[in-house]
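A short write-up of the structure that comes next.
In what follows, chains carry the letters A, B, and so on, assigned in the order in which the sequence lines appear, proteins first and then strands, with residues in each chain numbered from 1.
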Amino acid sequence: MIKFSELGLSPKVLKAVEAAGYDTPTPIQAGAIPPALDGRDVLGIAQTGTGKTASFTLPMITKLARGRARARMPRSLVLAPTRELAAQVAENFDTYAEGSKLTKALLIGGVSFKEQEQLIDRGVDVLIATPGRLLDHFERGKLLLTGVQIMVVDEADRMLDMGFIPDIERIFELTPFTRQTLFFSATMAPEIERITNKFLSNPEKIEVERQNSTSDTITQVLVKHTPKRRDMSAKDKRAILRAIIERDGDECRNGIIFCNRKVEVDIVAKSMKKHGLDAAPIHGDLDQSQRMRTLDGFRDGTLRFLVASDVAARGLDIPNVSHVFNFDVPSHSEDYVHRIGRTGRAGKTGIAYTIAVPSDEKYLDGIERLIGKPIPEGENPWTPPGRKSDTPAAEEEERVPRKSRSRSRSRKASEETSEAAPAEAEAPREEARRDESRRDEPRRERGGRGRGRGLDRGPKVVGLGDHVPGFIEMSFEERREAERA
DNA sequence: AAAAAAC
């Protein structure tokens, strides 16, 4: 088997790699490092978690050891789609450029320009950036890209998804055509193909095993739930989430909970905290310093649960995540692979729960088609409370009596009416709305709640009311049939 | 349908 020492890296870099505890390169590293050191363009088709980052940082550090940066003219450039990924690449340079006197600057949005400008002014060997902030600096005339010898595009397919391709093209045009280009993408979409044909010259193509399959170190579990009413699914899912966490006990050392929407991330994080779980949200609407703090806390173990949007789905390297929860089934099936790939890393084992309601069925189909196997169904540890709960004030909505989830499929809507909604009936969407409206209000919780009830609740429920349309009541199988029809 | 990224 090939060793790092055989790839042609400088002794200093090798020492740093060794110090980090590595001696055998991953396939993408073994494939990309030698041609990169030779000055060739590299086209790497690889997912995150394949050791991709080191496959460009190590040869870059080796090559940049000679020469010195001039003011405002970085010698190399790394572009990443999200701020966190850019920061992670920067950390990677710190790890492996130890003792190499390499200067770098991280140009990402959400933080002040000033510090970034000062670094650029002094001259940097490596510039690591998200496209928006990079162009912003450029437009302010603070930055020249004509000295770029090596340019890296990381996660190009995600850049495509995020609409960054025009920016990337523009940045390419600002750098000298004599530059060396290292280009990484998980897939070769037509648009990606076009870009690589245009900007890479005779690249060495390295393709590592496509990871649309999921790692064996991850145990996948599907937890299905059919809510009594569709508008209760979010609340039910929060209860299911807590029940799983409680059941798994110490085995659930920590976890990432993925939601599809930012508001849901906030709601779930808040609800978990309310129930005494150590959780914090991360998504793109939170300010950057908070995002960093939260992520750092989760990395160093001071935060147990990270509630995240897909900003944290890809690429983030957090070792030792024991649990991943798909609070929402991702609608893009690739995201499923990325999300659960946050656990079971570096040979460790992990468990990935996916909580699904009947309307997720079509997405589940897509996911199972992609990963080529069904997600094994596990037991739903949560039983809807049938009596008054003994937790005061905690989640009052859950004290509502519920009928059993087993029911006959031919039940009529009229029968529902008598049974479903007693006087203290459910206020649908209540919690979400409260969280939303309170965001900017200093109002005390009690006051807000009381007001909400006065308006929205009453002996008679507004809107759907007691009537539940038949399709909402359908089970997974029934639903599947209905959709086929 | 949403998330991410520039002020």
Side-chain angles (χ1 to χ4, degrees), chain A residues 48 77-90 105-117 120 127-143 145 153-171 174 185-186 189 191 230 233-234 256-269 281-292 294-295 306-316 326-339 342 356-357 359-364 366-367 432 436:
Chain A
T48 55
L77 173 61
V78 180
L79 294 170
T82 68
R83 298 168 184 174
E84 277 75 12
L85 283 174
Q88 192 168 288
V89 170
L106 175 64
L107 305 191
I108 58 174
V111 292
S112 98
F113 276 90
K114 198 145 183 242
E115 234 173 285
Q116 298 178 353
E117 254 168 33
I120 299 171
L127 204 57
I128 303 137
T130 45
R133 182 54 75 97
L134 180 87
L135 286 171
D136 208 338
H137 277 284
F138 180 80
E139 273 152 23
R140 290 166 185 233
K142 302 292 185 186
L143 183 61
L145 295 177
V153 179
D154 198 9
E155 305 253 328
D157 55 329
R158 197 166 175 209
M159 301 248 198
L160 175 69
D161 287 345
M162 290 166 66
F164 279 157
I165 292 300
D167 288 348
I168 299 298
E169 283 196 69
R170 175 145 178 248
I171 295 166
L174 297 172
S185 181
E191 186 67 358
R230 189 166 54 176
S233 67
I256 307 179
I257 296 103
F258 285 105
C259 306
N260 289 354
R261 293 175 188 75
K262 290 180 281 195
V263 283
E264 197 69 37
V265 168
D266 287 331
I267 293 167
V268 171
I282 187 165
H283 60 67
D285 281 354
L286 299 172
D287 73 61
Q288 192 55 30
S289 62
Q290 194 180 340
R291 279 164 66 168
M292 295 279 195
T294 300
L295 199 56
L306 186 67
V307 188
S309 69
D310 280 315
V311 70
R314 299 199 199 189
L316 288 192
N326 285 307
F327 184 84
D328 296 313
V329 176
S331 46
H332 281 310
S333 34
E334 307 83 49
D335 287 337
Y336 176 83
V337 180
H338 290 298
R339 287 179 178 186
R342 298 309 99 208
V357 294
S359 56
D360 294 321
E361 197 61 33
K362 58 179 178 298
Y363 300 132
L364 283 175
I367 291 166
E436 195 78 81

**Report entry** Donor-acceptor pair present, H283(A) side chain and dA2(B) base, under 3.5 Å
**Finding:** no
Query raised in the report: Should M292(A) and I108(A) be marked as a side chain to side chain contact (heavy atoms under 4.5 Å, CB included) after you check the CA-CA gap, both sets of side-chain angles, and the distance that decides it?
Result: CA-CA 12 Å; M292(A) 295 279 195; I108(A) 58 174; 3.7 Å; yes
Query raised in the report: Contact class for R158(A) (heavy atom, under 4.0 Å): base, sugar-phosphate, or nothing?
Result: nothing
Query raised in the report: Taking atom C1' of dA5(B) as reference, at what distance in whole Å does atom CZ of F138(A) sit?
Result: 19 Å
Query raised in the report: What is the distance from CG of D161(A) to P of dA3(B), rounded to the nearest Å?
Result: 15 Å
Query raised in the report: Of V153(A), D154(A), T130(A), D167(A), which meets side chain to side chain contact (heavy atoms under 4.5 Å, CB included) against M159(A)?
Result: V153(A)
Report task. Can you tell me the distance, in whole Å, between the CG atom of D360(A) and the P atom of dA1(B)? Result -> 15 Å
Query raised in the report: OP1 or OP2 of dA6(B) less than 4.0 angstrom from a side-chain nitrogen or oxygen of R140(A), does that happen here?
Result: no
Query raised in the report: Picking from dA4(B), dA6(B), dA5(B), which would you name as closest to the side chain of S309(A)?
Result: dA4(B)
Query - Residue V311(A), side-chain atoms from C-beta onward, closest of dA2(B), dA5(B), dA6(B) - result: dA5(B)
Report task. Would you confirm whether D287(A), through its side chain, and Q290(A), through its main-chain N or O, come within 3.5 Å as a donor-acceptor pair? Result -> yes
Requested in this report: Round to a whole Å and report the spacing from OH of Y336(A) to P of dA3(B).
Outcome: 21 Å
Query raised in the report: T130(A) side chain N/O closer than 4.0 Å to the phosphate oxygens (OP1, OP2) of dA4(B)?
Result: no
Report summary line: Rounded to whole Å, the CD-P distance (E264(A) to dA1(B)) equals 17 Å
Report task. Kindly say if R291(A) contacts the phosphate of dA5(B), meaning a side-chain N or O under 4.0 Å from OP1 or OP2. Result -> yes
Report summary line: Separation of dA3(B) atom C1' from R261(A) atom CZ, nearest Å, is 11 Å
**Report entry** Whole-Å gap separating C1' (dA5(B)) and CD (Q288(A))
**Finding:** 11 Å
Query raised in the report: Is H283(A) reaching over with its side chain to a backbone N or O of D285(A), donor-acceptor style, under 3.5 angstrom?
Result: yes
Query raised in the report: Does a side-chain N-to-carboxylate-O contact under 4.0 Å join D266(A) and K262(A)?
Result: no
Query - Distance in angstrom units between M162(A) CE and dA3(B) P, rounded - result: 12 Å
Report task. Answer with base, sugar-phosphate or nothing: what part of the nucleic acid does G110(A) contact at a heavy-atom distance below 4.0 Å? Result -> sugar-phosphate
